[in-house]
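Numbering of residues begins at 1 and proceeds along the displayed sequence. The analysis underlying the following values was restricted to heavy atoms, covering all of them including side chains, and did not include hydrogens, waters or symmetry mates. No experiment lies behind these values; they were computed from the predicted model shown.
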Amino acid sequence: MNVPEHIAIILDGNGRWAKSKGMPRTYGHTVGAKNVETICRAAHDLGVKYVTMYAFSTENWSRPADEVKALMKLLGEYIKKCMKTAKKDNLRVRFIGDLSKLDEKLRANIKELTEYSSQFTGLTLTIAINYGSRDEMTRAIRKVAKDVKDDKISVDDIDEALFSSYLDTKDIPDPDFMIRTSGEQRLSNYLLWQLAYAEFYFTPVAWPEFTPDELKKAIEEYDKRNRRFGGI
C-alpha cells in the first residue's frame, strides 16, 4: 500500500460530538486530546513519518472565554503528559504558529518538550497552536522584507524554495495527504501553502471517534488515487 509520508489532520467535531452525548464541549476536547496519542501510534505503525495536527487556530480566540480557557488548560496538560509519551513512543514533537501570544508557562512547557523530544527518531508530530496560514505567510513576508532591507538576501533570490524556508514548517516536508474529520469540507486557513499538492479526505466521523481503523480506511483511499503533478 502506498502510504503518505506526511499527513495533516484537522481535528474537528469535538464539541459537536460531546453535545450529541449530552456532555459539555470541554468533554469532547478532553476525549479528542486522548485520541492524539492513539492516532499517532497507528500512523507510525502504518509507515507514516510525519503528522501535523491543527489544535488551536488564530480564529479560535473568538470562542467563548470559558472554552478558550479550558482549551489552553488542556493543551498545557497534554504537553506535560507528552514528555512520557515521547519517550515511550520515540516521538519527536514540534510546534507551529505564533507562540508569542501564549502565556509564559505554556511557552516554557512547549520549549521543554520540543528540546527534550528532539532526540527521538520515530514519528514527528507537529502541533499547530495559535496557527493560521494567512498569519504564517504574513509573518514570513515580514521576515523576507526585513532580510532584503538588511541586505541578507536580494529580491532576485526570492523563489518558492526560499519563501518556504521562512515558514513555520521549514524543517519538514509538505503534507501528501490532508484529513478533516466531522464532515466539514474546507481548509479553515490551515497550511494553505503547504497543501498545494496534497490529496484531501473528508470524513463525517468526529475526531473523538476517529479510530486507527478509520485512519487505515483513509490511507487506503489515498492509495487508490492517481497522483499527478501537472501535465496529462
Sub-3.5 Å donor-acceptor pair from the side chain of N2 to the main-chain atoms of D223, do we have one?
no
Below 4.5 Å, heavy atoms only, C-beta onward: do L167 and Q194 meet side chain to side chain?
yes
Looking at side-chain heavy atoms only, is the closest gap between I219 and P4 below 4.5 Å?
yes
Under 3.5 Å side-chain donor-acceptor pair for T121 and N90:
yes
Sub-3.5 Å donor-acceptor pair from the side chain of H6 to the main-chain atoms of P173, do we have one?
yes
Could you check whether the rings of Y131 and Y54 sit parallel, tilted or perpendicular, using 30° and 60° as the cut-offs?
perpendicular
Do any N or O atoms from the side chain of D147 and from the backbone of K152 form a donor-acceptor pair under 3.5 angstrom?
no
Is K69 salt-bridged to D66, going by a charged N under 4.0 Å from an acidic O?
no
Is the shortest side-chain heavy-atom distance between R94 and I127 below 4.5 Å?
no
Taking 4.0 angstrom as the limit, do E115 and R92 come out as a salt bridge?
no
Would R180 and T203 satisfy side-chain contact (heavy atoms from CB on, under 4.5 Å), going step by step from the backbone distance to the final call?
CA-CA 6 Å; R180 180 165 187 159; T203 173; over 6 Å; no
Can you tell if the side chain of N60 reaches within under 4.5 Å of the side chain of E67, non-hydrogen atoms only?
no
CG on N35 to CD1 on I9, rounded to 0.5 Å:
9.0 Å
F95 vs T114 side-chain heavy atoms within contact, under 4.5 Å
yes
Salt bridge R16-E184, side-chain N to carboxylate O under 4.0 Å:
yes
Indicate the ring-plane relationship of Y201 and F177, choosing parallel, tilted or perpendicular according to the 30° and 60° boundaries.
tilted
Nearest-0.5 Å distance, SG of residue C82 to NZ of residue K88
10.0 Å
Under-4.0 Å salt bridge between D150 and K146:
yes
What's the shortest heavy-atom distance between V51 and V48, and which atoms?
CG2-CG1, 4.0 Å
Check whether any side-chain heavy atom of Y197 lies under 4.5 Å from a side-chain heavy atom of D174, and answer yes or no.
no
Return yes when atom CD of E104 has more than 12 non-hydrogen atoms of other residues, nucleotides or ligands closer than 6.0 Å, and no otherwise.
no
Measure the acute angle between the ring planes of F120 and Y116, then classify it against the limits of 30° and 60° as parallel, tilted or perpendicular.
perpendicular
Is the backbone N or O of D12 less than 3.5 Å from a side-chain atom of T181, with the two atoms forming a donor-acceptor pair by type?
yes
Report yes or no: do D98 and S100 form a side-chain donor-acceptor pair below 3.5 Å?
yes
Do R139 and D135 sit within salt-bridge range, that is, some charged N less than 4.0 Å from a carboxylate O?
yes
When rounded to the nearest 0.5 Å, the distance separating CZ of F163 from CH2 of W193 is 5.5 Å
Ignoring hydrogens and angles, state whether a donor on the side chain of N14 or Y27 is under 3.5 Å from an acceptor on the partner side chain.
no
Short question: side chain of S133, backbone of L192 - any donor-acceptor pair under 3.5 Å?
yes
Non-hydrogen atoms of L123 and H44 that approach each other most closely:
N-CD2, 3.8 Å
Once rounded to the nearest 0.5 Å, what's the spacing between atom CG of N109 and atom CZ of R107?
11.0 Å
Using a strict threshold of under 4.0 Å (side-chain N to carboxylate O), is an ion pair present between E221 and R225?
yes
For I96 and T169, run side-chain contact (heavy atoms from CB on, under 4.5 Å): C-alpha distance rounded to whole Å, both residues' side-chain angles, the deciding distance at 0.1 Å, then the answer.
CA-CA 7 Å; I96 58 173; T169 54; 4.0 Å; yes
With heavy-atom distances below 4.5 Å as the criterion, would you say the side chains of L91 and S117 are in contact?
no
Heavy atoms, side chains only, cut-off 4.5 Å: are W207 and I179 in contact?
no
Measuring from atom OH of Y190 to atom CE of M53, what distance do you get when rounded to the nearest 0.5 angstrom?
8.5 Å
Determine whether E37 and D89 satisfy the following criterion, side-chain contact (heavy atoms from CB on, under 4.5 Å), listing intermediate values before the conclusion.
CA-CA 9 Å; E37 181 178 344; D89 291 346; 4.1 Å; yes
Please determine whether side-chain contact (heavy atoms from CB on, under 4.5 Å) holds for the pair L99 and L106, giving the CA-CA distance in whole Å, both sets of side-chain angles, and the decisive distance to 0.1 Å.
CA-CA 9 Å; L99 304 182; L106 186 55; over 6 Å; no
Linked, directly or transitively: L11 and I110 (ILVMFWY side chains, under 4.5 Å):
yes
Heavy-atom donor-acceptor pair, T211 side chain to E214 backbone, under 3.5 Å
yes
Over all heavy atoms of both residues, which pair between G28 and P208 is shortest? Give the atoms and the distance, please.
O-CG, 4.0 Å
D168 side chain vs G97 backbone, donor-acceptor pair below 3.5 Å:
yes
